[in-house]
Amino acid sequence: MAPYPTANSSGLNTPESELESVLPVHPTAARRPNPIVVQSEQTAYSDEYITSSFTNRGAAVTVTDGQYLVTPTAQQYELQTARKVAKTGLMMVGWGGNNGTTLSATILANRHNIVWHTKSGVQQPNYIGSLLRASTVRLGSDPSTGKDVHVPVSDVLPMVHPNDLVLGGWDISGARMDEAMKRAQVLDWDLQRQVMPHMAALGKPLPSIYYPDFIAANQEARADHVVPGKDKQAHLEQLRADIRRFKAEHALDRAVIFWTANTERYSDIIPGVNDTADALLASIKASHSEVSPSTLFAVAAILEGEPFVNGAPQNTFVPGVIQLAERHKSFIGGDDLKSGQTKLKSVLAEFLVNAGIKPLSIASYNHLGNNDGHNLSAEPQFKSKEISKSSVVDDMVEANHLLFKRPEPGAVKGTKAAKGEHPDHIVVIKYVPAVGDSKRAIDEYYSEIFCGGRSTINIFNECEDSLLATPLILDLTILTELLTRVKYRDVSAGQAEFSPLYSVLSLLSYMLKAPLVKPGTDVVNSLNRQRNALETFMKACIGLEGSSDLLMETRIW
Ligand code: NAD
């Protein structure tokens, strides 16, 4: 069997849409028939799978009386990636919002290759801003020229093409998708005008679950399309039936359920209510007031065996949800899309600390005027966002005990000494309707430099929120679908059968502000490390060793 068939007709690759071929498409939206092929004993291709062996190298470190003792470790794994891309549906909760409508309209524009006029000229649809579609990885170098060879990330493994996602979802607002797009005021009018009939054909979102206590009171006027009653068990059954029906109607293999609805307040974690899977299921039966709509959607997805991703900051994943996902070997990922300010912070804070400079304070202000901003103007919802934005520099600070004092063992709980030294970090968000979807983020990084000196870096970042968020939703969806097709075997441990990956998909961290990770493991916030992890994992799936920047041949004679 050749590693890949030459035509697309076999069903192994994403099918070619007939509608794309009329005009040349942007390189980020193009379909390439020849994915990369690895010729190595580490990699085997069958009709169904790409199977690779790889060695996970690390080091075990112990410290005794100040002495570091390091033992290199090597664990042998096999990875098996199913080559047939699932026919995938994307069911968005909050489909009629700014993100949901922007994503739908831009996919339709790409699918139908609709070009539009702006004041600067003719604009072609594309997938700029998507790590998978618009960035590349270094595969190696050309032996004849010695030059690096880079390929699009989406060519490393078979992945769903965004144009092929089947769109659907729920909203508490009953506006039809074309009206909802108009209400969002994100896209140029000439694009809206042309994509309008396609959006109208999507119809209305499904009615959704509305528990007013969880989102800001200022959203009430929008909630004209809700599932009646207060019985949470009945609501859960309805959501499960919605997912099943959507899959059947569109003959889908997979549906990714994606929360891009309003930010909710935090749920209280109450023993016996939501701290275990059984408690949570019983609380849903009893319609307990602390079960949020987003938690109900997550439970519905888990019970249907479909992945759930949380694009907002609230604690949808109460401990009972994580346990339920583990029990069902279902996939979950979150929290909160990392689109602008936090993404920059995860790079800048790491740059400062890794350069040996000590950030003393990081002060972040935002103002925005879209419906998200309106909802976040209420204190409990702002609190969720504040929490999600605030932990982003923690791991970088913890990694450098030369600059930041470590927590003192035995110090009184809650004191500075017990928490360890940390830069002062504040986050402010204000609602300014006039600026609409164009968010302004102002950040000041105030740092200690050489021998008592001070450095201040000010950043003013203006960006269209929904146009930053949309490619992240696509990446999260496409990556999630891929990760459901990857299985592993721990060869060193003598594991005979391939298993699915662990339920919490921490490989999604690059796109998320407050990455959910396996309980008990460290969160990595560094954007570079997150990207590196993803790249290394994808390369491991095709039997290539990590992304070494050692470039040995350039260092030696
Ligand atoms: P939006 O307010 O325009 O859209 C949210 C939609 O959710 C609305 O249409 C609303 O009617 C609907 N909704 C509320 N509760 C619902 C429920 N229970 N079920 C179904 N629908 C419900 O907001 P947006 O700009 O699209 O952002 C969506 C979410 O993504 C927000 O929580 C926001 O904080 C988060 N987020 C956005 C960005 C970004 O850059 N745009 C970045 C990070 C996080």
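All of these numbers come straight from a predicted model, not from anything done at the bench.
- In this structure, K345 and H425 have side chains that are in contact, with non-hydrogen atoms separated by less than 4.5 Å.
- Minimum heavy-atom separation, E497 to Q495: O-NE2, 2.9 Å.
- The pair K247-E306 counts as a salt bridge, with a side-chain nitrogen and a carboxylate oxygen less than 4.0 angstrom apart.
- Between Y502 and V504 the shortest side-chain heavy-atom distance falls below 4.5 Å.
- Taking the six-membered ring where the residue is Trp, F317 and F308 present perpendicular rings, their angle passing 60° and hence far from 30°.
- Heavy atoms of other residues, nucleotides or ligands lying less than 6.0 angstrom from CD of E237 number more than 12.
- At least one donor-acceptor pair under 3.5 Å links the side chain of H225 to the backbone N or O of P205.
- Tested against L103 for a side-chain contact (heavy atoms from CB on, under 4.5 Å), the candidates T477, N98, L90 yield a single pass: L90.
- The side-chain heavy atoms of I215 and Y210, taken from C-beta on, include a pair separated by under 4.5 Å.
- By the 4.0 Å N-to-carboxylate-O rule, R240 lies close enough to E304 to be salt-bridged with it.
- Checked against side-chain contact (heavy atoms from CB on, under 4.5 Å), Y211 has the following partners two or more places apart in sequence or in another chain: I209, F214, K232, H235, P293, L296.
- Looking at every heavy atom in both residues, S384 comes nearest to P313 through O-CB, 3.5 Å.
- If you take CG on L79 and CD1 on I50, they are separated by 11.0 Å, rounding to the nearest 0.5 Å.
- One finds the OG atom of S346 at 9.5 Å from the CG atom of D395 (value rounded to the nearest 0.5 Å).
- Using modelled atom types, one side-chain atom of H161 and one backbone atom of N163 make a donor-acceptor pair closer than 3.5 Å.
- Without hydrogens or angle criteria, T536 side chain to N532 main chain gives a donor-acceptor distance under 3.5 Å.
- No donor-acceptor distance shorter than 3.5 angstrom exists from the side chain of S364 to the backbone of D443, with no hydrogens or angles considered.
- Take F54 and apply the ring-ring contact (aromatic ring centres under 6.0 Å, His included) test, not counting sequence neighbours, and it matches Y77.
- For the residue pair H422/K405, the side-chain donor-acceptor check at 3.5 Å is not satisfied.
- Distance alone, capped at 3.5 Å, is enough to place a donor-acceptor pair between the Q530 side chain and the V524 backbone.
- Remark: the Q314 side chain and the D335 side chain contain no N/O donor-acceptor pair separated by less than 3.5 Å.
- The closest side-chain heavy-atom distance from L479 to L508 is below 4.5 Å.
- Taking both residues in full, the closest heavy atoms of V486 and C541 are given as CG1-SG, 4.0 Å, listed atom of the first, atom of the second, then distance.
- For the pair G97 and D171, the tightest heavy-atom approach, listed with the atom from each and the gap, is N-OD2, 3.6 Å.
- N274 contributes a side-chain N or O that, together with a main-chain N or O of D268, makes up a donor-acceptor pair within less than 3.5 Å.
- Exactly one of N370, T263, N371 qualifies for a side-chain contact (heavy atoms from CB on, under 4.5 Å) with L376. That residue is T263.
- Looking only at side-chain heavy atoms (C-beta outward), S292 and S267 come within less than 4.5 Å of each other.
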Side chain to side chain donor-acceptor pair (under 3.5 Å) between E464 and S438, worked out:
CA-CA 4 Å; E464 286 161 291; S438 179; over 6 Å; no
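- Checked options E398, H401, E421; the residue passing with R406 is H401 (criterion: side-chain hydrogen bond (donor to acceptor under 3.5 Å, both in side chains)).
- For the pair K358 and F404, the cation-pi criterion (under 6.0 Å, within 45° of the ring axis) is fulfilled.
- Shown here is F537, whose CZ atom has more than 12 heavy atoms of other residues, nucleotides or ligands within 6.0 Å.
- Remark: side-chain polar atoms of T28 are paired, donor with acceptor, to backbone N or O of Y127 under 3.5 angstrom.
- Contact check on D213 versus R265 returns a salt bridge, with a Lys/Arg side-chain nitrogen under 4.0 Å from an Asp/Glu carboxylate oxygen.
- Remark: the N366 side chain and the Q341 side chain contain an N/O donor-acceptor pair separated by less than 3.5 Å.
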Would E481 and R254 count as a salt bridge (Lys or Arg N to Asp or Glu O under 4.0 Å) here? Give the steps.
CA-CA 8 Å; E481 188 283 322; R254 169 72 60 227; 5.7 Å; no
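- More than 12 heavy atoms of other residues, nucleotides or ligands shown are found within 6.0 angstrom of CZ on R531.
- A 4.5 Å side-chain heavy-atom check between L281 and L324 finds at least one atom pair inside the cut-off.
- Taking the charged nitrogens against the carboxylate oxygens, D465 and K439 do have a contact shorter than 4.0 Å, which makes a salt bridge.
- For the pair T102 (side chain) and N99 (backbone), a donor-acceptor distance under 3.5 Å is absent.
- Nearest heavy-atom pair across L167 and S104 is CD1-CA, 3.8 Å.
- Between the side chain of N218 and the backbone N or O of H374, at least one donor-acceptor pair lies under 3.5 Å.
- The ring-ring contact (aromatic ring centres under 6.0 Å, His included) test applied to W95 returns no partner, not counting sequence neighbours.
- The shortest side-chain heavy-atom distance between V353 and P359 falls under the 4.5 Å cut-off.
- A side-chain donor-acceptor contact under 3.5 Å links Q323 to the backbone of A277.
- Of the charged side-chain nitrogens involved, at least one lies within less than 4.0 Å of a carboxylate oxygen, so that D278 and R327 count as a salt-bridged pair.
- Side-chain contact between P207 and V227 is present, with at least one heavy-atom pair separated by less than 4.5 Å.
- Nearest heavy atoms, S492 versus A74: OG-O, 4.5 Å.
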Could you walk me through whether S294 and E264 pass side chain to side chain donor-acceptor pair (under 3.5 Å), step by step?
CA-CA 8 Å; S294 66; E264 296 175 331; 2.6 Å; yes
